[in-house]
Amino acid sequence: MTDPEEYVELVLQVVERVPRGRVTTYGAIADAVGGGPRQVGSVMSRHGGPVPWWRVVRADGSLPPSHEDEARQRYLEEGTPLRRSGSVDIVNAFWGPQ
DNA sequence: TACTTGACATTTT
DNA sequence: AAAAATGCCAAGT
């Protein structure tokens, strides 16, 4: 059941489903596809290239520690609600797996 | 089998 | 508000 390859596909599909201008969290994805948030993050680091990885943020709205600057540009272009703290306004921008 | 590591989360200092 | 400590899950060594 759920081979590693399938698990990766599930995660990537959820990310692709995130609407423009919204974001989701690793925990939400983990809750939807199973496993733990760390596992989701690991999958993203290995196979998150071709998907809008900037729409996936940490639980408090902070950006991934590896590509914040890139992600911030995307947010400015897409009109994602940002906070003065430099993080995403997770309260208004959060999108959960439907 | 045991220890270490990692795009995390939550609670406590 | 920011940093450290603890818990969690799976994979690699």
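A, B, ... follow the sequence lines: proteins, then strands. Residue 1 opens every chain.
- Although no hydrogens or angles enter the test, the distance criterion places no donor-acceptor pair under 3.5 Å between the side chain of R22(A) and the main chain of W95(A).
- Checking dA10(C), dA9(B), dA7(B) against every side-chain atom of W53(A), the shortest atom distance belongs to dA7(B).
- Side-chain atoms of D60(A) come within 3.5 Å of backbone atoms of S62(A) as a donor-acceptor pair (strictly under, hydrogens ignored).
- Put simply, the side chain of R17(A) gets close to the backbone of Q98(A): a donor and an acceptor are under 3.5 Å apart.
- The distance between atom CG of L12(A) and atom C1' of dA7(B), rounded to the nearest whole Å, is 13 Å.
- With DNA chain C read from its 5' end, the first of the two nearest nucleotides for R46(A) and G35(A) is the one closest to G35(A).
- Nucleotide dC8(B) holds its P atom 17 Å from the CG atom of D31(A), rounded to whole Å.
- Neither OP1 nor OP2 of dC8(C) sits under 4.0 Å from any side-chain N or O of R38(A).
- Out of dG6(B), dA7(B), dT10(B), the shortest distance to the side chain of Y26(A) is found at dA7(B).
- Per the geometry, CZ belonging to R83(A) stands 11 Å off C1' belonging to dA1(C), to the nearest Å.
- For the pair R58(A) CZ and dA2(C) C1', the interatomic distance rounds to 13 Å; values are reported in whole Å.
- The ring of H67(A) has its center closer than 6.0 angstrom to the ring center of W53(A).
- Rounded to whole Å, the distance from OH on Y7(A) to P on dA10(C) is 8 Å.
- Per the geometry, CE belonging to M44(A) stands 17 Å off P belonging to dA11(C), to the nearest Å.
- Across all strands shown, dA1(C) forms no Watson-Crick or G-U wobble pair with both key distances under 3.5 Å.
- S45(A) comes within contact range of at least one nucleobase, with a heavy-atom separation under 4.0 Å.
- Regarding D60(A), its CG atom lies at a distance of 16 Å from the P atom of dA4(C), rounded to whole Å.
- In terms of modelled atom types and a separation under 3.5 Å, the side chain of Y75(A) and the main chain of W54(A) share a donor-acceptor contact.
- Residue G36(A) is classed as a sugar-phosphate contact, given heavy-atom separations below 4.0 Å to backbone atoms only.
- Protein atom CZ of R84(A) is 12 Å distant from nucleotide atom P of dA1(C), rounded to whole Å.
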